[in-house]
Amino acid sequence: MKLPEAVTLLEAASKVLPSLRSAGVEAIRTTVRPFPEDGYTCAGAMPDISGHWL
């Protein structure tokens with residue numbers, strides 16, 4: 001399975017990380033971003049885990 005967006009992203013990344021030139025797209029997965037009822041994003045620092053962001 002090759003989606004143009006994934007191939008384009010891999011090509012761009014390989015310009016920064018040359019070792020990716022021999023890599024390929026194995027699979028593509030997407031999901032719907034969850035939003036709490038208050039409408040604010042649920043992304044941010046996890047208060048109980050130092051240095052962990054969600």
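Atoms considered below: every heavy atom in the structure, side chains included; atoms not considered: hydrogens, waters and symmetry mates.
Heavy-atom minimum distance, Ala6 versus Ile28: CB-CD1, 3.7 Å. Contact record, Ser19 with Ser22: O-OG, 3.5 Å, taken as the closest heavy-atom pair.
The hydrophobic cluster containing Val16 also contains Leu20, counting ILVMFWY residues as joined when their side-chain heavy atoms lie under 4.5 angstrom apart, directly or transitively. In the hydrophobic clustering of this structure, Trp53 does not group with Ile49; members are Ile, Leu, Val, Met, Phe, Trp, Tyr whose side-chain heavy atoms approach within less than 4.5 Å, directly or through other members.
Summarising the geometry, atom CG belonging to Leu3 is positioned 11.5 Å from atom CG belonging to Leu9; distances are rounded to the nearest 0.5 Å.
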